[in-house]
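Each chain gets a letter, A, B and so on, in the order the sequences are listed, and its residues count up from 1.
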2 protein chains.
Amino acid sequence: MDIRTIARVANVSIATVSRTINHVPTVNPKIAKRVWEVIEELNYFPNTQARALVSGRSKIFGLIISEITNPFFPELIQGFEDVAIESGYEILVSSTNYDPKRMAQCIRRMLERKVEGVAVMTFGIEEPLLDQLAQRNIPLVFIDVGPPSPGVSLLKVDYQHGIRQGVQHLAALGHRKISFITGPLRLHSAQSRLAAFTKSLKECGITPHPEWIVEGDHTLEGGVAAAEKLLAFDESPTAIMCSNDMTAIGVLHHMYRANLRVPDDMSVMGFDNIHIAEVTTPPLTTIQMSRFELARAAVTALRAQVESASSLAPQREYKIATELVVRESTGFPKGTLPQVPKRPRKSKA
Amino acid sequence: MDIRTIARVANVSIATVSRTINHVPTVNPKIAKRVWEVIEELNYFPNTQARALVSGRSKIFGLIISEITNPFFPELIQGFEDVAIESGYEILVSSTNYDPKRMAQCIRRMLERKVEGVAVMTFGIEEPLLDQLAQRNIPLVFIDVGPPSPGVSLLKVDYQHGIRQGVQHLAALGHRKISFITGPLRLHSAQSRLAAFTKSLKECGITPHPEWIVEGDHTLEGGVAAAEKLLAFDESPTAIMCSNDMTAIGVLHHMYRANLRVPDDMSVMGFDNIHIAEVTTPPLTTIQMSRFELARAAVTALRAQVESASSLAPQREYKIATELVVRESTGFPKGTLPQVPKRPRKSKA
DNA sequence: CTGAAAGCGCTAACAT
DNA sequence: ATGTTAGCGCTTTCAG
């Protein structure tokens with residue numbers, strides 16, 4: 001069952017069938033209709049490999065993420081898949097688990113399958129490995145920052161806006177002793193989030209306390225460990241901001257273990273607004289960064305690069321917004337107010 | 001840069017290069033060595049599309065899951081990716097979101113990319129759609145149950161073992177009023193879990209109370225809704241078992257909203273043992289089903305089908321174990337005991 | 001053991 | 001507007 005079969009049955013040449021399938025406008029509509037009918041009837045679809053081989057276009061985009069088990073990424077993948085499929089692209093997803101060996105393997109796979117573009121959503125591990133892709137002129141899209149070569153688009157996340165809102169929210173509640181648990185500091189995005197935090201703190205007239213800035217690793221376990229460290233200091237903060245929600249969930253867990261109540265004894269804030277943040281105990285105040293927006297922008301950037309007539313320079317930067325979402329893990333600092341109701345519980349329905 | 005370049009530089013024919021790459025044993029070792037050196041030096045790798053086109057082997061396995069945003073699946077994907085890559089296969093993942101339209105699209109994509117086998121990890125939505133794959137003799141692997149055609153392998157999960165352990169754990173604590181929140185009942189796996197529950201209950205001499213068996217949908221939201229329904233009855237259960245962890249997390253959240261303490265006022269048990277179950281408030285007692293085992297078995301089954309000399313019948317069924325993991329969301333039924341310490345908290349470290 | 005040559009199913013010149 | 005034909009990069013007979 002190939003293009004020849006269709007050609008024979010429809011009584012045309014294979015070239016005409018090919019043109020019909022590819023919507024070349026010069027095909028006689030009557031003939032096109034006949035061809036489509038035969039295609040339907042015989043339930044034919046083109047062989048992607050052959051098509052890719054001859055046209056040099058695989059119609060595959062690669063997506064490199066750091067770890068698929070962090071719920072942030074599946075939500076991103078979902079969006080990426082939806083948008084890519086919609087545009088006729090297949091996607092090849094691979095997670096590096098922060099391991100350079102895996103990253104290398106990852107890139108090799110992308111190369112072998114001849115991806116037409118790659119979205120590197122690892123938040124900043126800009127290894128020279130990626131040069132292998134850049135050198136072959138494969139369009140790339142990064143978050144925040146990347147090699148400033150042509151063919152590289154950037155998704156600029158406005159960390160400052162959301163984080164400022166977060167810090168102000170905390171400050172408005174009366175917090176002055178605010179801690180920050182960072183991501184892995186070799187990640188550019190982790191640096192950016194921290195910088196935004198420090199800056200926002202200063203804007204509120206608060207001097208950052210170095211001891212209260214502790215490095216995490218964007219995992220549950222890292223959040224637990226960081227929270228533990230924070231509580232061990234002579235003077236503890238009254239609020240903890242986290243570089244991502246997984247860290248915050250780890251912190252929540254450690255507070256539970258330490259018999260401390262959130263937000264009564266400690267306020268906790270996350271970043272990402274993953275789905276599950278809505279149902280933690282207590283529901284997590286966090287900063288929303290839209291996975292869908294990120295995914296859509298990535299695909300758009302890649303398509304622009306691939307499909308541009310190579311002459312007209314496509315837009316190279318895309319802005320991604322962030323926004324505070326207040327839930328119940330943040331409150332007044334301890335001892336500040338007369339007893340407030342512990343948890344403003346009411347059933348949703 | 002293609003096979004011809006290598007042939008020219010190594011001073012052999014392209015056929016010899018091809019044989020070398022494919023480890024055909026008849027190649028003169030000296031020559032093979034020379035060829036490999038050239039390949040290394042020039043950093044060559046074969047064009048997968050061309051290879052697939054001529055050999056008819058895409059070296060791609062498809063993986064169909066229900067929803068990537070349920071943390072169970074990313075963990076499964078990770079395992080599947082690891083094992084498949086290790087065996088030289090690429091993977092094509094697609095989620096159906098329980099939507100038949102998406103399922104159709106999914107299958108179409110698999111067909112177009114000429115996957116050599118598909119693992120259907122949707123837990124039971126055996127649509128006639130899948131016939132499209134079966135008809136083309138594409139090896140398939142299902143969880144629990146599937147069309148008994150040749151070329152179909154089954155991963156048999158031993159729900160009974162884990163669920164019996166769970167029920168007995170509850171019964172041992174003194175619970176008699178035990179509720180079960182099912183998954184979508186059109187899913188075979190959901191039926192199996194429910195059946196195992198009912199059976200285990202009877203084994204303990206407890207008659208299932210129909211009102212306390214409520215249908216969920218394996219989502220957070222479904223868990224919340226089901227818990228709400230359960231609390232509305234005149235007589236509430238003292239323990240709730242859930243068909244998966246996401247449901248249980250939803251239940252935990254609703255208990256929080258309803259100002260009920262877990263496990264003091266209500267015991268809650270999950271199923272799956274996703275990573276995050278370890279840090280819920282309180283940490284979730286659940287039944288472990290190994291994602292990695294599932295993934296490994298799926299790839300093994302597919303490979304066996306693909307690589308068997310079509311004559312020797314590969315093993316067709318693979319057993320997957322389940323095992324109770326006791327944490328802190330289960331306890332004595334309310335009022336049963338003198339006051340026990342509310343939460344056995346201590347820091348881990 | 002190695003090389004020459006025939007395609008895999010399709011697209012894209014080039015003719016008509 | 002349609003048909004003819006030459007490959008895309010590789011594997012695999014078939015000769016030697």
Side-chain angles (χ1 to χ4, degrees), chain A residues 1-39 42-60 88 90 111-116 136 306-307 309, chain B residues 1-36 38-39 42-60 88 90 108 111-116 136 306-307 309:
Chain A
M1 163 64 76
D2 58 12
I3 200 175
R4 261 174 300 250
T5 319
I6 307 299
R8 201 176 326 113
V9 177
N11 230 311
V12 292
S13 72
I14 61 168
T16 299
V17 177
S18 176
R19 288 191 192 101
T20 306
I21 292 171
N22 293 294
H23 299 103
V24 174
T26 61
V27 185
N28 181 323
K30 283 186 195 313
I31 297 192
K33 185 160 175 293
R34 197 168 75 226
V35 172
W36 279 120
E37 280 165 8
V38 176
I39 289 178
L42 271 57
N43 194 20
Y44 162 85
F45 51 87
N47 179 323
T48 336
Q49 341 254 31
R51 215 202 262 242
L53 182 58
V54 58
S55 70
R57 305 220 24 207
S58 65
K59 296 289 260 178
I60 302 181
E90 194 48 73
L111 250 21
E112 285 186 353
R113 295 286 166 180
K114 295 261 180 306
V115 295
E116 292 188 51
R136 290 168 213 248
V306 170
E307 288 158 17
Chain B
M1 163 64 73
D2 58 10
I3 201 173
R4 260 174 301 250
T5 320
I6 306 299
R8 204 176 323 113
V9 177
N11 229 311
V12 292
S13 71
I14 60 168
T16 300
V17 177
S18 175
R19 288 190 192 104
T20 305
I21 292 171
N22 293 294
H23 299 102
V24 174
T26 61
V27 183
N28 182 322
K30 283 187 199 306
I31 297 190
K33 187 161 174 291
R34 196 166 78 227
V35 173
W36 279 119
V38 176
I39 290 178
L42 272 58
N43 195 19
Y44 163 83
F45 50 87
N47 180 321
T48 335
Q49 341 252 33
R51 216 202 261 243
L53 180 56
V54 58
S55 72
R57 305 222 22 208
S58 65
K59 295 290 261 178
I60 302 180
E90 195 48 76
R108 169 66 178 246
L111 250 22
E112 284 187 352
R113 296 285 166 179
K114 296 263 181 302
V115 296
E116 294 187 47
R136 290 169 215 248
V306 170
E307 289 158 17

Next item on the list: Heavy atoms only: give me the nearest B:Asp2-B:Tyr44 pair and the separation to one decimal.
Entry: C-CE1, 3.7 Å

Next item on the list: Would you kindly give the CG-to-P distance between A:Asn28 and D:dA1, to the nearest whole Å?
Entry: 8 Å

Check: Taking atom P of C:dG7 as reference, at what distance in whole Å does atom CG of A:Asp2 sit?
Finding: 14 Å

Item checked: Between C1' of C:dC8 and NZ of B:Lys114, the distance in whole Å -> 11 Å

Note to self: Tell me the closest heavy-atom pair linking B:Ser58 and B:Glu116, and the distance in Å.
What the structure shows: N-OE2, 3.1 Å

Notebook entry, point to check: Between B:Ile14 (CD1) and C:dG7 (P), how many Å, whole number?
Noted result: 15 Å

Next item on the list: From the options B:Val12, B:Ile14, B:Val17, select the one residue that forms a side-chain contact (heavy atoms from CB on, under 4.5 Å) with B:Ile6.
Entry: B:Val17

Next item on the list: Name the nucleic acid region contacted by B:Ile31, choosing base, sugar-phosphate or nothing; use a 4.0 angstrom heavy-atom cut-off, strictly under.
Entry: sugar-phosphate

Checklist line | Minimum-distance pair of heavy atoms, taken over all atoms of A:Met1 and A:Leu42 | finding: CE-O, 3.3 Å

Next item on the list: State whether A:Thr16 places a side-chain N or O below 4.0 Å from either non-bridging phosphate oxygen (OP1 or OP2) of D:dT2.
Entry: no

Next item on the list: Could you tell me the separation between the CZ atom of A:Arg4 and the C1' atom of D:dG3, rounded to a whole number of Å?
Entry: 15 Å

Margin query: Side chains of A:Val35 and A:Arg19, heavy atoms from C-beta outward: is any pair under 4.5 Å?
Written below: no

Notebook entry, point to check: What are the residues of residues 46-58 of chain A, sorted by number, that bring a heavy atom to within less than 4.0 Å of DNA chain D?
Noted result: A:Leu53, A:Val54

Notebook entry, point to check: Which nucleotide in the list D:dG3, C:dT11, C:dG3 gets nearest to the side chain of A:Asn22?
Noted result: C:dT11

Item checked: Rounded distance (Å) that lies between atom P of C:dC10 and atom CZ of A:Arg8 -> 12 Å

Next item on the list: Specify the separation, in whole Å, of atom CZ of A:Arg113 and atom C1' of D:dG9.
Entry: 15 Å

Item checked: B:Val12 or A:Ala15, whichever maps to the more 5' nucleotide of DNA chain C -> B:Val12

Next item on the list: Would you name the heavy atoms of B:Gln49 and A:Arg113 that are closest together and state the gap between them?
Entry: NE2-O, 4.0 Å

Notebook entry, point to check: OP1, OP2 of C:dT11 versus side-chain N and O of A:Ser18: anything below 4.0 Å?
Noted result: yes

Notebook entry, point to check: What are the two closest non-hydrogen atoms of B:Arg34 and B:Asn11, and how far apart are they?
Noted result: NH2-O, 3.7 Å

Check: Does A:Arg19 or A:Met1 map to a spot on DNA chain C nearer the 5' end, using the closest nucleotide for each?
Finding: A:Met1

Note to self: Check this one for me: any side-chain N or O of B:Tyr44 less than 4.0 Å away from OP1 or OP2 of D:dG9?
What the structure shows: no

Next item on the list: Measure the distance from CD1 on B:Ile3 to C1' on D:dT11 and round it to the nearest whole Å.
Entry: 8 Å

